[in-house]
Amino acid sequence: MDKAEDLEVAVDCVVDALRPAVEADWDVPAGSIEWTCRATAEHIGQAHLHWASQLAVRARTKYVRWSAQAQELAPPAGVLDFVEAAGRILALAVRASPAGTRAFHPWGIGDPEGFAAMGCVELLVHGQDLASGLGCAFEPPSELCERVLARLFSHEPRGADDPWLALRWLTGRTSIPGAPSPESWKWRPTPLDETWDPAPVADPMPFTPLSR
């Protein structure tokens with residue numbers, strides 16, 4: 001699979017898992033995090049649209065200055081449509097980006113493959129948050145989780161052989177006996193064959209999730 005296909009698979013996994021819950025209350029907490037399910041879903045869409053715009057204009061020093069969110073009165077089905085649309089827009093931007101494209105992220109100047117992998121993490125990890133809050137089953141493909149770990153987290157401990165368990169453990173969503181959870185973690189947006197400085201790059205107006 002190419003990088004955009006992985007992102008599309010992640011979109012499908014989340015949308016298929018959550019579509020049965022569009023009549024539920026999305027103002028409940030999303031799993032163990034502080035946001036509601038609605039705010040979490042909007043965060044996924046916002047991140048993907050930001051990253052698509054980063055690639056579109058090849059922004060090298062800061063985030064493009066705009067934000068997006070679902071309409072205030074949109075029902076959960078509309079919010080889930082926003083998640084799906086944003087993920088597919090990022091996949092289009094990834095696929096359309098010429099070789100050598102680079103764009104700003106605070107953890108490194110990323111390439112299209114890095115942004116696609118970050119999009120997968122947002123979908124998979126927050127998709128689990130949403131599924132937990134809404135009482136849905138969610139089990140993404142193990143091979144997809146393995147590719148995400150290899151691309152973004154080769155510098156981080158694994159914690160487990162199972163890729164989906166390792167990704168949830170690394171991002172603080174579960175515990176593993178005998179493996180203390182990392183106090184912090186960071187993904188690598190830059191290509192693996194380039195030198196990477198893990199120190200964050202400053203942006204005077206960083207992207208933050210919108211809240212109501």
Side-chain angles (χ1 to χ4, degrees), residues 1-21 29-35 37 40-41 43-44 47-48 51 83-84 87-88 90-91 94-95 105-200:
M1 271 190 197
D2 68 21
K3 49 191 176 288
E5 279 187 89
D6 273 348
L7 185 55
E8 289 167 341
V9 168
V11 170
D12 289 339
C13 287
V14 171
V15 171
D16 290 348
L18 300 181
R19 189 66 71 186
S32 62
I33 65 176
E34 296 179 356
W35 296 337
C37 289
T40 302
H43 168 77
I44 299 171
H48 285 181
W51 294 339
V83 171
E84 180 175 7
R88 299 202 189 285
L90 178 56
V94 167
R95 191 168 277 126
H105 183 279
W107 291 348
I109 305 303
D111 64 349
E113 183 179 84
F115 279 97
M118 290 189 293
C120 288
V121 173
E122 288 289 328
L123 282 158
L124 299 179
V125 174
H126 285 312
Q128 175 61 38
D129 294 334
L130 289 162
S132 177
L134 297 169
C136 300
F138 184 65
E139 186 73 27
S142 179
E143 317 82 65
L144 172 60
C145 298
E146 179 59 47
R147 287 192 290 272
V148 167
L149 286 167
R151 175 58 185 82
L152 294 181
F153 298 110
S154 61
H155 57 285
E156 296 282 5
R158 283 289 292 256
D161 293 332
D162 177 78
W164 177 222
L165 178 59
L167 183 58
R168 286 181 288 142
W169 171 82
L170 179 61
T171 54
R173 266 61 180 189
T174 192
S175 60
I176 298 175
S181 297
E183 293 183 5
S184 63
W185 55 271
K186 183 177 292 186
W187 55 39
R188 175 179 178 160
T190 62
L192 296 179
D193 60 355
E194 295 182 2
T195 301
W196 177 53
D197 182 356

How far apart are the closest heavy atoms of P180 and W169, and which atoms are they?
-> O-CZ2, 3.1 Å
Which donor-acceptor pairs under 3.5 Å do the side chains of residues 114-125 make with protein atoms, sequence neighbours left out?
unit_1	atom_1	unit_2	atom_2	d
E122	OE1	H43	NE2	3.0

Which value, rounded to the nearest 0.5 Å, describes the distance between I33 atom CD1 and T171 atom OG1?
-> 10.5 Å
Do you know the tightest heavy-atom contact between I176 and G159?
-> CD1-O, 3.4 Å
Not counting sequence neighbours, which residues clear side chain to side chain donor-acceptor pair (under 3.5 Å) with E143? List them please.
-> none
Which residues share a ring pair (Phe, Tyr, Trp, His ring centres under 6.0 Å) with W107, sequence neighbours left out | H105, W187
Apply salt bridge (Lys or Arg N to Asp or Glu O under 4.0 Å) to D12 and list each qualifying residue two or more places apart in sequence or on a separate chain.
-> R88
Sequence neighbours excluded - side chain to side chain donor-acceptor pair (under 3.5 Å) pairs with any residue from residues 127-137 = H126-D129, D129-R173
Contacts of I109 meeting side-chain contact (heavy atoms from CB on, under 4.5 Å) (sequence neighbours excluded), chain-then-number -> R60, R102, F104
How far does CG of L18 sit from CG of L134, to the nearest 0.5 angstrom?
-> 6.5 Å
Minimum-distance pair of heavy atoms, taken over all atoms of P140 and C13 = CA-SG, 4.3 Å
Are I44 and L130 side-chain neighbours, meaning at least one heavy-atom pair lies under 4.5 Å?
-> yes
Of all residues at least two apart in sequence or in a different chain, which pass the side-chain contact (heavy atoms from CB on, under 4.5 Å) check with P198?
-> K186, W196
Salt-bridged, R19 to E84, with N to O below 4.0 Å?
-> yes
Taking only residues at least two apart or on different chains, which pairs with a member in residues 148-163 satisfy side chain to side chain donor-acceptor pair (under 3.5 Å)?
-> D111-R151, E113-R151, E146-R158
The side-chain contact (heavy atoms from CB on, under 4.5 Å) partners of A17 (sequence neighbours excluded) come to F138
Taking NZ, NE, NH1 and NH2 as the nitrogens, is one of them in E5 or R147 under 4.0 Å from a carboxylate oxygen of the other?
-> no
